[in-house]
**Q** 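What follows is a single structure, and I will ask about it in a moment.
Keep in mind the model is a prediction, meaning the values are calculated, not measured.
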Amino acid sequence: MKTLIAGFGSIGRRHFRNLLALGETDILFYRTGRSELPPIKLEELAGYVVEHDLDAALGHQPDAVIVANPTAVHLDVAIPAAQAGAHMLLEKPVAHSLERVDELQAAVTASGSRVLVGFQFRYHPTLQAAAQLLGSGELGAALHARATWGEYLPDWHPWEQDFRQGYSARADLGGGVVFTLTHPIDYLRWLLGEVTEVQARLGNTGALGLDVEEQADIIIGLANGAQANLHLDYLQRPPIHELELVCAEGRLTWRAADGLLRVYRAATETWEDQRPPEGFERNDLFLAQTRHFLEVVRDGLEPRCRLDDGVQTLKIALAAHEAHARGQRIALKE
């Protein structure tokens with residue numbers, strides 16, 4: 001299997017290392033050369049083919065393409081890759097607007113390219129346990145969810161000379177906290193079902209000197225009548241990433257720091273704790289995702305997070321921006 005990695009920032013490098021860890025060695029790269037990588041990082045590319053022209057890169061006829069460049073230029077790679085018939089691991093979010101998304105969908109349909117969208121929290125063992133429990137109906141109907149994810153942006157990539165130049169901090173590259181921390185939007189939809197409406201308030205205190213929103217509060221209405229509140233920000237020290245689900249017959253709480261899932265059953269008034277396997281670490285999510293991607297490419301498995309899922313999450317993120325701009329509730333269309 002020949003894999004082309006487009007982009008060699010932090011996530012591109014992670015995908016590269018994980019492919020190697022899983023025994024994949026036929027790897028090449030497409031880079032524009034504009035990322036702020038120190039020379040020691042570029043040493044990892046020694047001995048591998050690196051193309052600076054996309055047509056030349058696709059001319060190597062890769063079986064798979066990992067789209068790991070900045071959000072705003074995802075489709076510049078994804079559409080030609082789909083037209084070439086390559087299967088894709090497309091990093092989240094799919095794009096920063098809906099422009100040309102239909103072109104990608106048409107290319108995927110025409111070529112038969114299979115697309116896995118990179119929402120790695122779908123592979124978290126205790127979130128999967130939560131999904132199974134919710135699906136069983138044991139806790140009754142889901143009524144309300146609250147998710148919080150706060151990070152401190154200047155601490156993310158210590159090797160960057162200026163964190164304000166990274167894609168997460170720049171509007172022209174598709175940054176901002178809503179797009180960058182879009183994972184909870186995906187897993188709330190995965191756990192609770194389709195979203196029907198969105199309200200939002202986005203903010204920028206000026207503390208980080210960014211031209212994008214650095215915090216967001218989003219209210220999500222779901223087709224089953226449940227409601228979810230989501231808070232995202234770039235400002236918190238220490239970081240926090242937690243989820244609470246209120247159900248008719250109990251509650252679930254989950255935190256990313258140690259993967260602890262707590263389940264309360266109203267019928268017995270008892271709590272049960274579930275933890276990830278011994279030795280579990282964050283990169284295990286990405287490894288599991290890569291293993292699944294190899295199965296998607298080699299064995300024709302249905303992607304666990306399909307292109308349609310990624311597009312729907314993008315629509316919700318865009319609706320949050322629109323809801324803030326217009327100061328009103330935005331209904332999502334099919």
**Q** What's the shortest heavy-atom distance between Val263 and Gln274, and which atoms?
**A**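 For Val263 and Gln274, the tightest heavy-atom pair comes out as CG2-NE2, 4.4 Å.
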
**Q** Do Ile220 and Val177 share a hydrophobic cluster (ILVMFWY, side-chain heavy atoms under 4.5 Å, transitive)?
**A** yes

**Q** Which pairs count as ring pair (Phe, Tyr, Trp, His ring centres under 6.0 Å) when at least one residue sits in residues 311-333, sequence neighbours excluded?
**A**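 Matches after skipping sequence neighbours: Phe179-His321.
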
**Q** Among all residues two or more places apart in sequence or in another chain, which pass the side chain to side chain donor-acceptor pair (under 3.5 Å) test with Asp172?
**A** Arg170

**Q** Could you note down all residue pairs passing ring pair (Phe, Tyr, Trp, His ring centres under 6.0 Å) where residues 266-286 supplies at least one of them, sequence neighbours left out?
**A** His124-Phe280, Tyr264-Trp271

**Q** For the side chain of Arg275 and the backbone of Gly259, is there at least one donor-acceptor N/O pair under 3.5 Å apart?
**A** no

**Q** Without swapping roles, check the side chain of Thr196 against the backbone of Gly221 for a donor-acceptor pair under 3.5 Å.
**A**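 Here the side-chain-to-backbone pair exists.
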
**Q** Considering all heavy atoms of both residues, which atom of Leu188 and which atom of Ala145 are nearest to each other, and what is their separation?
**A**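 Heavy-atom minimum between the residues: CD2-CB, 3.9 Å.
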
**Q** Hey, mind stepping through Trp149 and Thr182 against side-chain contact (heavy atoms from CB on, under 4.5 Å) and telling me if it holds?
**A** CA-CA 10 Å; Trp149 192 357; Thr182 194; over 6 Å; no

**Q** For residues 124-142, which residue pairs qualify under salt bridge (Lys or Arg N to Asp or Glu O under 4.0 Å), counting only residues two or more places apart or in two chains?
**A**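 Of all non-adjacent pairs touching residues 124-142, those that pass salt bridge (Lys or Arg N to Asp or Glu O under 4.0 Å) are Glu138-Arg265.
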
**Q** Spell out, as yes or no, whether a donor-acceptor pair under 3.5 Å connects the side chain of Asn224 to the backbone of Ala142.
**A** no

**Q** Report the distance from atom CD1 of Ile218 to atom CD of Gln199, rounding to the nearest 0.5 Å.
**A**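 Between Ile218 CD1 and Gln199 CD, I get 11.5 Å after rounding to 0.5 Å.
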
**Q** Of all the heavy-atom pairs spanning Cys247 and Leu134, show the shortest one and how long it is.
**A** SG-CD2, 3.7 Å

**Q** Considering only heavy atoms from C-beta outward, does the side chain of Val73 approach that of Thr32 to under 4.5 Å?
**A**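 No, their side chains stay 4.5 Å or more apart.
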
**Q** Work out which heavy atom in Ile66 is nearest to a heavy atom in Phe293; give both atom names and the distance.
**A**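 Shortest heavy-atom contact: CG1-CE2, 4.2 Å.
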
**Q** Please round to the nearest 0.5 Å and tell me the distance separating atom CD1 of Ile185 and atom CD of Gln312.
**A** 11.0 Å

**Q** Report yes or no: do Ile79 and Val101 belong to one cluster of Ile/Leu/Val/Met/Phe/Trp/Tyr joined by side chain heavy-atom distances under 4.5 Å?
**A**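 Yes, Ile79 and Val101 fall within the same hydrophobic cluster.
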
**Q** Can you name the side-chain contact (heavy atoms from CB on, under 4.5 Å) partners of Ala323, sequence neighbours left out?
**A** Ala200, Ile330

**Q** Is there side-chain contact between Pro184 and Leu232, with heavy atoms separated by less than 4.5 Å?
**A**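 Yes, their side chains come closer than 4.5 Å.
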
**Q** Which pairs count as salt bridge (Lys or Arg N to Asp or Glu O under 4.0 Å) when at least one residue sits in residues 181-190, sequence neighbours excluded?
**A** Arg122-Asp186, Arg189-Glu194, Arg189-Asp309

**Q** Check side chain to side chain donor-acceptor pair (under 3.5 Å) between Thr270 and all other residues, then give those that pass, not counting sequence neighbours.
**A**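 Listed in chain order: Thr268.
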
**Q** Mind running side-chain contact (heavy atoms from CB on, under 4.5 Å) on Leu245 and Leu192 for me, showing each step along the way?
**A** CA-CA 10 Å; Leu245 294 172; Leu192 301 177; 4.0 Å; yes

**Q** Using side-chain heavy atoms (C-beta onward) and a distance below 4.5 Å, is His231 in contact with Arg146?
**A** no

**Q** With the threshold set at 4.0 Å, does a side-chain nitrogen-carboxylate oxygen contact exist between Arg31 and Glu44?
**A** no

**Q** Looking at every non-hydrogen atom in both residues, tell me the closest pair between Leu75 and Pro80 and how far apart they are.
**A**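 In this case the closest contact between Leu75 and Pro80 is O-CD, 3.8 Å.
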
**Q** Does a sphere of radius 6.0 Å around CZ in Arg298 hold more than 12 heavy atoms from other residues, nucleotides or ligands, not counting ones at 6.0 Å or beyond?
**A** yes

**Q** Are Leu243 and Leu191 packed together at the side-chain level, in the sense that at least one heavy-atom pair is separated by less than 4.5 angstrom?
**A** yes

**Q** Working to the nearest 0.5 angstrom, can you tell me the gap between Gln128 CD and Leu261 CG?
**A**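 One finds 12.0 Å between CD of Gln128 and CG of Leu261.
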
**Q** Just how far is it from atom OG1 of Thr148 to atom CG of Asn229, taken to the nearest 0.5 Å?
**A**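 Rounded to the nearest 0.5 Å, the OG1-CG separation comes to 9.0 Å.
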
**Q** Which atoms form the tightest heavy-atom contact between Thr126 and Pro276, and what is the distance?
**A**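 Heavy-atom minimum between the residues: CG2-N, 3.8 Å.
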
**Q** Taking side chain as C-beta onward, heavy atoms only, is Leu153 less than 4.5 Å from Arg164?
**A**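 Result no, sub-4.5 Å side-chain heavy-atom pair not found.
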
**Q** Could you see if Val94 belongs to whatever hydrophobic cluster contains Val296? Use Ile, Leu, Val, Met, Phe, Trp, Tyr and a side-chain cutoff under 4.5 Å.
**A** no

**Q** Under 3.5 Å, is there a donor-acceptor pair between the side chain of Ser111 and the main chain of Ala82?
**A** yes

**Q** More than 12 non-hydrogen atoms from neighbouring residues, nucleotides or ligands closer than 6.0 Å to CD on Glu99, yes or no?
**A** no

**Q** Atom CD of Glu302 and atom CG of Leu116: how far apart are they, to the nearest 0.5 Å?
**A**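 The CG atom of Leu116 is 10.0 Å from CD of Glu302, to the nearest 0.5 Å.
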
**Q** If a pair satisfies salt bridge (Lys or Arg N to Asp or Glu O under 4.0 Å) and one of its residues is in residues 203-224, list it, with sequence neighbours excluded.
**A** none

**Q** Determine yes or no for a side-chain-to-main-chain donor-acceptor pair under 3.5 angstrom, with Lys92 supplying the side chain and Thr180 the backbone.
**A** yes

**Q** Quick check: is Met1 connected to Leu28 through a chain of hydrophobic side chains (ILVMFWY, heavy atoms under 4.5 Å apart)?
**A** no

**Q** Evaluate Tyr30 against Val65 for side-chain contact (heavy atoms from CB on, under 4.5 Å), listing each step before the verdict.
**A** CA-CA 10 Å; Tyr30 165 62; Val65 176; over 6 Å; no

**Q** Sorted by first residue and then second, give each ring pair (Phe, Tyr, Trp, His ring centres under 6.0 Å) pair with at least one member in residues 82-101; sequence neighbours left out.
**A**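 Found none.
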
**Q** For residues Asn69 and His74, determine if any side-chain heavy atom of one lies less than 4.5 Å from a side-chain heavy atom of the other.
**A**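 Yes - at least one pair of side-chain heavy atoms lies under 4.5 Å apart.
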
**Q** Check the pair Leu104 / Leu90 against side-chain contact (heavy atoms from CB on, under 4.5 Å), numbers first and verdict last.
**A** CA-CA 11 Å; Leu104 172 61; Leu90 175 56; 4.1 Å; yes

**Q** Could you check if a side-chain atom of Phe121 sits within less than 4.5 angstrom of a side-chain atom of Trp190, using non-hydrogen atoms only?
**A** no

**Q** Do any N or O atoms from the side chain of Ser136 and from the backbone of Leu133 form a donor-acceptor pair under 3.5 angstrom?
**A**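 A pair under 3.5 Å: yes.
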
**Q** Between Glu272, Glu244, Glu269, which is the residue that forms a salt bridge (charged side-chain N to carboxylate O under 4.0 Å, His left out) with Arg251?
**A** Glu244

**Q** Using modelled atom types and a 3.5 Å cut-off, is there a donor and acceptor pairing between side-chain atoms of Lys2 and backbone atoms of His60?
**A** yes

**Q** Rounded to the nearest 0.5 Å, what's the gap from CG on Leu285 to CD on Gln120? Could you check?
**A**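 The CD atom of Gln120 is 6.0 Å from CG of Leu285, to the nearest 0.5 Å.
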
**Q** Side chains of Pro93 and Val178: does their closest heavy-atom pair fall under 4.5 Å?
**A** no

**Q** Verify the cluster assignment for Leu202 and Leu181: are they in a single hydrophobic cluster under the rule of side-chain heavy atoms below 4.5 Å apart?
**A**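 Per the 4.5 Å side-chain linkage, Leu202 and Leu181 are co-clustered.
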
**Q** Look only at the side chain of Tyr234 and the backbone of Ser168, and say whether a donor-acceptor pair between them is shorter than 3.5 Å.
**A**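 Checking the backbone N and O of Ser168 against the side chain of Tyr234, a donor-acceptor pair under 3.5 Å is found.
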
**Q** Applying salt bridge (Lys or Arg N to Asp or Glu O under 4.0 Å) as the test, list every pair that has at least one member in residues 49-60; sequence neighbours left out.
**A**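 Residue pairs passing salt bridge (Lys or Arg N to Asp or Glu O under 4.0 Å), neighbours aside: none found.
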
**Q** Quick one: side chain to side chain donor-acceptor pair (under 3.5 Å) partners of Tyr187, sequence neighbours excluded?
**A** His241

**Q** Applying side chain to side chain donor-acceptor pair (under 3.5 Å), name anything that partners Glu91, two or more places apart in sequence or on another chain.
**A** His15

